[in-house]
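Take a look at the structure below.
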There are 2 protein chains.
Amino acid sequence: MNESKPRTPRRSDATRTAILEAARERFAADGYDRATIRAIARDANIDPSMVMRYYGNKEGLFAAAVAIDLELPDPAAVSRDTAGQALVTHFLTMWEKNEVLTALLRVGATNEAGAERMQGIFADQLLPLARRVCPDPEQAPARAALASSQLLGLALTRYVLRFPPAVALSPEEIVAWLAPTVQRYLTAPHPA
Amino acid sequence: MNESKPRTPRRSDATRTAILEAARERFAADGYDRATIRAIARDANIDPSMVMRYYGNKEGLFAAAVAIDLELPDPAAVSRDTAGQALVTHFLTMWEKNEVLTALLRVGATNEAGAERMQGIFADQLLPLARRVCPDPEQAPARAALASSQLLGLALTRYVLRFPPAVALSPEEIVAWLAPTVQRYLTAPHPA
DNA sequence: TAGCGTTGTCCACAAGCGTTGGCCTACAGG
DNA sequence: CCTGTAGGCCAACGCTTGTGGACAACGCTA
């Protein structure tokens with residue numbers, strides 16, 4: 001899907017990445033609708049029409065800006081008992097270090113296409129891990145969804161809504177509180 | 001703040017409520033930006049300028065449309081050991097039965113004012129309960145935030161992003177899975 | 001019946017949006 | 001050196017948005 005051949009490095013690569021960076025920032029801060037191409041171009045110190053030339057249209061730009069890899073560890077390498085802690089820690093680092101995830105979440109909340117993309121990412125990247133770790137593979141989707149609900153819920157309150165107490169929590173505290181939850185969602189017996 | 005004197009029932013009350021209903025639907029479905037005054041007016045079968053007359057501007061309309069009361073039970077009436085289950089059950093019913101909460105969540109994700117309003121609602125309505133139920137009142141904000149993260153996370157994945165496995169879960173299953181989590185966040189000893 | 005405030009419609013405005021095409025500049029390959 | 005082509009800017013388009021003002025129908029009261 002990705003033409004990542006590094007040959008013919010174009011002279012405009014600097015501009016392209018400047019656009020992408022500005023786009024990520026704006027999408028993260030404002031969501032899809034409020035993040036205007038004009039504003040992004042202004043941030044990147046170029047003309048709005050360049051965005052169109054390089055990314056076709058606004059949707060194309062968004063798609064390019066949030067092509068994200070959760071970089072989840074190999075499912076096979078995750079121990080069954082520490083999956084919860086590993087996941088929470090990993091998500092927290094990912095979320096702290098780049099704003100793309102916030103952008104994706106903000107857009108997913110307003111935009112149908114964004115929601116689908118988010119769905120895809122979690123299905124493709126979290127589900128395999130759940131399938132590997134949880135007792136009955138048939139329950140994997142539900143368990144992965146529960147885990148997502150807690151992980152995304154934290155991201156929502158901390159990075160998007162910015163509830164002061166959620167922002168104030170230290171990463172260590174968050175892991176201490178959330179890891180058992182996620183662990184339970186993934187591996188505990190069904191509570192029915 | 002609210003002039004809720006029921007006297008002088010105006011002849012335009014039907015219109016006013018029609019506008020509010022249409023506004024709630026649109027805001028829930030589209031979020032703040034995509035929900036245009038014109039579309040809302042069209043839904044309500046009136047002229048856009050009526051919206052302006054009755055609610056001043058778009059923000060005023062939104063404020064009127066999402067004046068929401070979580071209808072949380074009296075904190076004094078909640079038993080300490082069943083607070084988790086009570087909360088999850090209550091939130092689930094509230095969310096299933098009216099779309100205003102979805103609207104609020106969608107808007108909170110894109111709009112600064114929406115985020116603040118959401119913050120206010122949870123601070124005013126969930127915090128007192130947490131203060132009453134959790135062991136050390138000083139930890140109440142953090143514990144309430146953790147509980148919100150799980151509750152809002154579920155709402156996000158189920159009603160906004162519509163992850164299929166999250167949608168497929170029955171209310172009973174959700175309560176069974178989430179109640180212990182929320183209960184722990186509220187009352188379990190600090191895991192540090 | 002005359003007068004008046006309320007309700008509602010029509011129309012227009014200014015601003016901002018995504019998007020397009022043309023034009024100039026400067027570099028790369030021969 | 002000369003020329004083709006890619007990079008970049010400018011101005012403009014068609015459209016939608018929030019908003020406000022002018023004006024017609026209605027119902028009440030005197």
Side-chain angles (χ1 to χ4, degrees), chain A residues 3 5-27 29-66 103 106-107 110-114, chain B residues 3 5-27 29-66 103 106-107 110-114:
Chain A
E3 307 281 354
K5 305 284 177 62
R7 57 208 186 101
T8 28
R10 280 156 307 197
R11 197 153 34 94
S12 60
D13 281 349
T15 307
R16 295 176 120 95
T17 67
I19 294 178
L20 277 190
E21 272 178 45
R24 279 193 261 265
E25 258 177 55
R26 282 284 176 178
F27 281 131
D30 301 340
Y32 189 81
D33 295 288
R34 299 176 110 88
T36 70
I37 288 191
R38 290 168 136 100
I40 292 170
R42 209 176 312 125
D43 288 358
N45 274 100
I46 47 101
D47 190 89
S49 58
M50 302 306 296
V51 177
M52 307 301 299
R53 195 198 289 259
Y54 293 141
Y55 298 99
N57 54 25
K58 192 175 180 180
E59 281 198 28
L61 173 62
F62 177 71
V66 300
R106 264 214 163 89
V107 174
T110 33
N111 191 277
E112 187 58 35
Chain B
E3 308 281 354
K5 305 286 178 60
R7 59 211 184 95
T8 27
R10 281 155 306 195
R11 195 154 35 93
S12 60
D13 281 350
T15 307
R16 294 176 122 93
T17 67
I19 293 177
L20 278 191
E21 271 179 45
R24 278 193 261 264
E25 258 178 56
R26 283 284 177 176
F27 281 132
D30 300 342
Y32 188 81
D33 296 289
R34 299 178 111 87
T36 69
I37 290 191
R38 290 168 135 99
I40 292 171
R42 210 177 312 126
D43 289 357
N45 274 100
I46 48 100
D47 190 89
S49 54
M50 302 306 297
V51 177
M52 306 301 299
R53 200 201 292 271
Y54 292 140
Y55 298 99
N57 54 26
K58 192 174 180 181
E59 281 198 29
L61 172 63
F62 177 72
V66 299
R106 267 215 161 86
V107 174
T110 34
N111 191 277
E112 188 57 35

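Naming convention: chains lettered A, B, ... in sequence-line order (proteins, then strands); numbering from 1 in each chain. Basis for what follows: all heavy atoms, side chains included, without hydrogens, waters or symmetry-related copies.
In this structure, the CG atom of A/Leu61 is 15 Å from the P atom of C/dC17, given to the nearest Å. When rounded to the nearest whole Å, the span between CE of A/Met50 and C1' of C/dG18 equals 16 Å. The CG atom of B/Asp13 sits 8 Å away from the P atom of C/dT7 (whole-angstrom rounding).
The structure places CG of B/Asp43 at 7.0 Å from CD of B/Glu25, a figure rounded to the nearest 0.5 Å.
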Margin query: Between B/Met50 and B/Asp47, does the side chain to side chain contact (heavy atoms under 4.5 Å, CB included) criterion hold? Intermediate values first, please.
Written below: CA-CA 6 Å; B/Met50 302 306 297; B/Asp47 190 89; 4.2 Å; yes

Check: Can A/Ile37 and A/Asn57 be said to form a side chain to side chain contact (heavy atoms under 4.5 Å, CB included), step by step?
Finding: CA-CA 9 Å; A/Ile37 288 191; A/Asn57 54 25; over 6 Å; no

Note to self: Before you tell me yes or no, could you show the steps for A/Tyr55 and A/Leu20 under side chain to side chain contact (heavy atoms under 4.5 Å, CB included), namely the whole-Å CA-CA distance, both residues' side-chain angles and the distance that decides it to 0.1 Å?
What the structure shows: CA-CA 10 Å; A/Tyr55 298 99; A/Leu20 277 190; 3.3 Å; yes

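Contact annotation for B/Tyr55: no contact, since no heavy-atom pair falls under 4.0 Å across all strands.
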Margin query: Output one letter per nucleotide in nucleotides 11-30 of chain D: B when a protein non-hydrogen atom lies under 4.0 Å from the base, S when only the sugar-phosphate is that close, - when neither is.
Written below: -B----BBSBB---------

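In this structure, B/Phe27 and B/Tyr32 have parallel ring planes: the angle between them is below the 30° cut-off, well short of the 60° mark.
Note on A/Thr15: a side-chain N or O is less than 4.0 Å away from OP1 or OP2 of D/dG8.
Residues B/Tyr54 and B/Thr15 meet the side-chain proximity criterion, which asks for heavy atoms closer than 4.5 Å.
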